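What you see is a predicted model, and the numbers here were worked out from it, not measured in a lab. Sequence lines set the chain letters: A, B, ... in the order given, protein chains first and strands last, and positions in each chain run from 1.
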Protein chains: 4
Amino acid sequence: MSFNTFGRVLRFSTWGESHGPAIGAMVDGCPPGLPLSEADIQPFLDKRKPGTSKFTTQRREADAVRILSGVFEAPDGIRRTTGTPISLLIENTDQRSKDYGDVAKAYRPGHADYSYDAKYGFRDYRGGGRSSARETASRVAAGAVARLVIPDVDIFAYVSEIGGDAIDYARFDAGEIDNNPFFCPDPEAAKRWEKLVDDARLDGSSLGAVVECVASGVPAGWGAPLYAKLDGELAAAMMSINAVKGVEIGDGFAAARLRGEQNADPMRPGEDGNPLFLANHAGGIAGGISTGQPIKIRIAFKPTSSILIPVETVTRQGEASEIVTKGRHDPCVGIRGVPVVEAMMALVLADQKLLHRAQCGGEG
Amino acid sequence: MSFNTFGRVLRFSTWGESHGPAIGAMVDGCPPGLPLSEADIQPFLDKRKPGTSKFTTQRREADAVRILSGVFEAPDGIRRTTGTPISLLIENTDQRSKDYGDVAKAYRPGHADYSYDAKYGFRDYRGGGRSSARETASRVAAGAVARLVIPDVDIFAYVSEIGGDAIDYARFDAGEIDNNPFFCPDPEAAKRWEKLVDDARLDGSSLGAVVECVASGVPAGWGAPLYAKLDGELAAAMMSINAVKGVEIGDGFAAARLRGEQNADPMRPGEDGNPLFLANHAGGIAGGISTGQPIKIRIAFKPTSSILIPVETVTRQGEASEIVTKGRHDPCVGIRGVPVVEAMMALVLADQKLLHRAQCGGEG
Amino acid sequence: MSFNTFGRVLRFSTWGESHGPAIGAMVDGCPPGLPLSEADIQPFLDKRKPGTSKFTTQRREADAVRILSGVFEAPDGIRRTTGTPISLLIENTDQRSKDYGDVAKAYRPGHADYSYDAKYGFRDYRGGGRSSARETASRVAAGAVARLVIPDVDIFAYVSEIGGDAIDYARFDAGEIDNNPFFCPDPEAAKRWEKLVDDARLDGSSLGAVVECVASGVPAGWGAPLYAKLDGELAAAMMSINAVKGVEIGDGFAAARLRGEQNADPMRPGEDGNPLFLANHAGGIAGGISTGQPIKIRIAFKPTSSILIPVETVTRQGEASEIVTKGRHDPCVGIRGVPVVEAMMALVLADQKLLHRAQCGGEG
Amino acid sequence: MSFNTFGRVLRFSTWGESHGPAIGAMVDGCPPGLPLSEADIQPFLDKRKPGTSKFTTQRREADAVRILSGVFEAPDGIRRTTGTPISLLIENTDQRSKDYGDVAKAYRPGHADYSYDAKYGFRDYRGGGRSSARETASRVAAGAVARLVIPDVDIFAYVSEIGGDAIDYARFDAGEIDNNPFFCPDPEAAKRWEKLVDDARLDGSSLGAVVECVASGVPAGWGAPLYAKLDGELAAAMMSINAVKGVEIGDGFAAARLRGEQNADPMRPGEDGNPLFLANHAGGIAGGISTGQPIKIRIAFKPTSSILIPVETVTRQGEASEIVTKGRHDPCVGIRGVPVVEAMMALVLADQKLLHRAQCGGEG
């Protein structure tokens, strides 16, 4: 089955192919009364937008969003969400279908070409069709709406590693993230990455990346045993992003190398009545429920599968072939994954806030 | 909200607390006509059962399963699934509530104690209540049913690392997995782990572990864009297991360190008409859909949070305290995670098989 | 697929066959902190219990419910819901399988015998198996939990018509409902029905009935456009009850015979600030959302399909036959439908209350 | 919560307000490979389109549908469904917002005005906003896609009663349904209704109607116990349509007046190996599962709530007032309900077909 909807009570659905007339999202279950206009969404789309530096694809898309439903002028004169579905539309304006001609005939390794054909019998091969990273623009638009639902939560993501070259956490400066084309909090790493990514690009190759995301301001109590655990929902959300191959909560795999007493997050009485945690190995989640500490998550993006280096493959007819993916590609798709990761974090948390107040009342 | 149900068309729900009268699972949507009796489920429960070696908790549970509904003698005289819900019941027989008295008053760091209280206002503190790893027996029972739905799929999991000490893949022998108490495919590592785990146990400490799981025989085409991607479903499934903090598909985080051409899984025409893949960095999934290669997943288990080493904490009343978790605990909870990981793999794949044939027909 | 779960955030699942060892329900998503013990559930089961008069089946079932999970002694010493799944078990004690021997071979018209076989290939034929009205005991148990979620809502149902003989609303006395074996609010009708139902019973025949249900105390605002409309949810809930063939909200089919001005429910300013409605043709729901007026619903139960009068049928092998359903049956299954209708009303309203506060906040 | 999605595996979601820029639907889970273009959908929209006679609203809408995603030229050169979400867009072209000015201030009895305000705090009052019958165009578009999934099923609906004046079944002629503006199968009734409806229109009043729908060609075995019963799904589907207040399956309420032997649908061996039913009181469904007989359902539409006759009401500020709904309205909204009922029938059956083959295999 095709399940293009995510979420439980705040739900969003996306539709659209890379080279169709448009893509879009529908956000359902949004609380009423939230001020919302295109201007609340556009900045997030701009952050994800292609073509802003030589380190991302040269496809040019305005990515201008239109709100087609679900908002109306409230009695106070402000356009607000009405509680009905919010339909968001983004037109595709720079589809050069000719770029993708070869792909119709043979399968690009690492892409969804073969698996889609195996499942559906054929596929929209233009620019990757439905499996294109272009779909993530819809998520980013939906995520901008979700942020309005959780105004007290602060979410930011950044790239912590490209091609195996990691940032130095001693130089971590959140203020730097938006100062370079890599969303890198370490200015020295950002400098190194310029050459690293550019070399890969010139080689016709690509690089993987690690993205980290932190959400602070989440109160203790969001999440749900057992199959809607906050970490389970986040893992599903992140793993649904194109090119993601791994997810860690808190210390993740490193926790598997700690002893119990090292991994514990001791508590002391806090001044605000809540526990003061002395560490956060758990990444802000215990038993699937938030602890009040920042939610921390790490996501592995594989290198872009579209490369100019020839790779052995087979054609649709099952003959041996070789393929080179011409066209305009991100040399490191993880970079533009940053706003997408933030959007998915917002969407999961907003949903969990509403779920929490459904069961437990209060303002969640 | 509390969501104790997993799956889309083959769904299972679990209920029960560690020290209540019983735990159980209900499996709904199972195809009719599959031969099923308690004997098909019990071996999997026995594999997960506590108290089988000094490397697991000394709690003694028979973990005897009863099928209360959903099977009936078919016209051929064999008890088969009827297509109606299968209710599985496991009585708790070895609850020593006195062991857990202290836990009522203070929060065990790393446990769900504080987060449950923050969410629900109070909790069943006996043996961890609902957040106890005991719940995973219900999953294992449900997973045994799921395996019947996918008879052509072979699933096995093993421990590849404990406390940072990894197996040597050159010595990998699947036949060894059931020959040691660690589900370890490398007999030399198994020997080292005896001392490693025992030392941790004697120290009152605990160790983390990495579990790997492989499912072969999955045809190309299972899975679904975009929010029911096979990898997304697996990630959610695994992250819902107690103590899991990280999930990798295929190369996972290592893929983030590869270049595009290294990470590609080249294809050649295969003898059976399907592509022959020359590598499996992708772990058998591309675009969220199976490729026909083995599905490969790695899961990080944190060290058991229940330790005899005192940790700073706070009481329910918010006072500073220190806690030691007496009782009977697994020094390395990842070990008994092996059959649970296998069960979740089976449950996800069986669900996806049915979803695939819902949309695309055929026998899936 | 088999979908034995109902609800969106407060969900319940039922399992079990008429003549299996037990039946049960699992209630998930229940708010924490509600006082709950078996004594809160048993009276509702007793109301539905068979064998209490000659007007119902003579099967003897204690219908004693056990709570297996989801409640625990709260700090105030009272057993309360913990927010985790509530597993409810009812053992079957009076299964006389010999009564049902013939049914294995031929299909009873009006029953699910043929349709189950057509779907699943075979069926548990003992006492109707899964399609037996016995399943409704699980709903009644779950409904008792749901009532605790909506303490300000008052729900009552009654039989308004049996075999075409309707009550006189001029004699309607809610206090009479529990004074006769028919849940009849009109004592004169109740008297007539004694002979009516007994005659049908002695004839080996059966009668249909109409049940009406009123829920007052529902605030304006519960429900949701468009596919979770309060009336749509109620219709699904009621139509899921065995033998139900029709559902009306408010005036129902009679509204189709009114003109617009007759059908309007005019409003005046009410003393409490809410509108005072001058009529309730709408049955308390407009646009799928409650108006604050009582929710009114009417449900048609067909006559029990199990009758002693021979009916033409076919065998499993497709041969012509005739069948008489021996055994112990309700001459009018609508009568015992009353507590089931009330339970489904409670389950829908409790779910909608929680959904409302998820989206719109407040205490719902 | 707002739940604007219907279905389980073949799901559709709708969005849009009466006077927003557009309305639309997204269909997800559609099998791949079905030939689909706008021309497959438009005729159904044209049938529902307003302004085609004086018996329907004079609003003029082209109701031209655009397919924005989910179809692509298959290797055979035909545009086919790809298995990914199908986004359908219908622009609103005839919004005269000035017509609806009064409605902003006071609540129209019988409309969703008050209940939406009570739920959401405010509402898009232009033309009824989200609660307008305009939304049903989205359903009709989605329904046209669903019909492609069940090519062997024949669905037709008709009006059997307007304002209490019923057709004579002795004159039933399916060929007449499209020969009059009322979708009436009895030409004499159609003649009477001309005056009946026109009189109501001229009086500024409105009339209710009963719509009947028959689906033949449904094989035995679709549907699912217990909370996805075919009749339960249909009841929910139909009750979700604006102005619907009652639903009957088969004989419906009339069955409540029959004795068991009258209501039985006897079976004889059929020539095709399936049972030959001698009656169809059950409306083609037993135990929630299709029997192979035609599915029969009756739906009650209340009279349009928008009337020119003044009705007492209150303003948003809670003051007494009177309201007259100017604008362009259907004097009998049930008439245009016919294609909507057909669409919902198609959507439910297509979903159930896919669900059946998910669980039971085969081509469903």
Discussion item. Working to the nearest 0.5 angstrom, can you tell me the gap between A:F122 CZ and D:R80 CZ?
Written reply: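 Taking CZ in A:F122 and CZ in D:R80, the distance rounds to 7.5 Å.
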
Fill in: Side chain / backbone / both / neither for A:I86 at chain D, heavy atoms under 4.5 Å
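Neither part, no heavy atoms under 4.5 Å.
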
Discussion item. Between A:R130 and chain D, with a heavy-atom cut-off of 4.5 Å, which part of the residue counts as in contact: side chain, backbone, both or neither?
Written reply: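 For A:R130, side-chain heavy atoms alone lie under 4.5 Å from chain D.
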
Practice prompt. Among A:G16, A:G24, A:A74, A:G121, single out the residue with the greatest number of heavy-atom pairs under 4.5 Å to chain D.
Written response: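 Of the options given, most contacts go to A:A74.
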
Fill in: Which portion of D:I23 sits near chain A, non-hydrogen atoms under 4.5 angstrom
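It is neither, since no heavy atom gets under 4.5 Å.
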
Discussion item. Please classify the contact of D:R8 with chain A as side chain, backbone, both or neither, using a heavy-atom distance under 4.5 Å.
Written reply: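 Contact with chain A involves the backbone of D:R8 alone.
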
Hey, does [Y] have a side-chain heavy atom less than 4.5 Å from the side chain of [X]?
| X | Y | result |
| --- | --- | --- |
| D:P32 | A:K119 | no |
| A:L68 | D:W15 | yes |
| D:R66 | A:P21 | yes |
| A:R11 | D:S13 | no |
| D:M26 | A:N4 | yes |

Item to complete: Over all heavy atoms of both residues, which pair between D:F3 and A:V9 is shortest? Give the atoms and the distance, please.
Response: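 Distance-wise, the nearest heavy atoms are CZ-CG1, 4.4 Å.
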
Worksheet item: Looking at D:D124, D:T5, D:T82, which makes the most heavy-atom pairs under 4.5 Å with chain A?
Response: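 Looking at each of D:D124, D:T5, D:T82 in turn, D:D124 comes out on top.
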
Discussion item. Just so I understand: if I count every heavy-atom pair under 4.5 Å between each of D:S69, D:P31, D:P75 and chain A, which residue has the most?
Written reply: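 Most heavy-atom pairs within the cutoff with chain A belong to D:S69.
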
Discussion item. Does D:T84 form a side chain to side chain contact (heavy atoms under 4.5 Å, CB included) with A:E17? I'd like the steps, not just the answer.
Written reply: CA-CA 9 Å; D:T84 62; A:E17 275 80 37; 2.8 Å; yes

Fill in: A:E91 atom CD, over 12 foreign heavy atoms within 6.0 Å
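No.
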
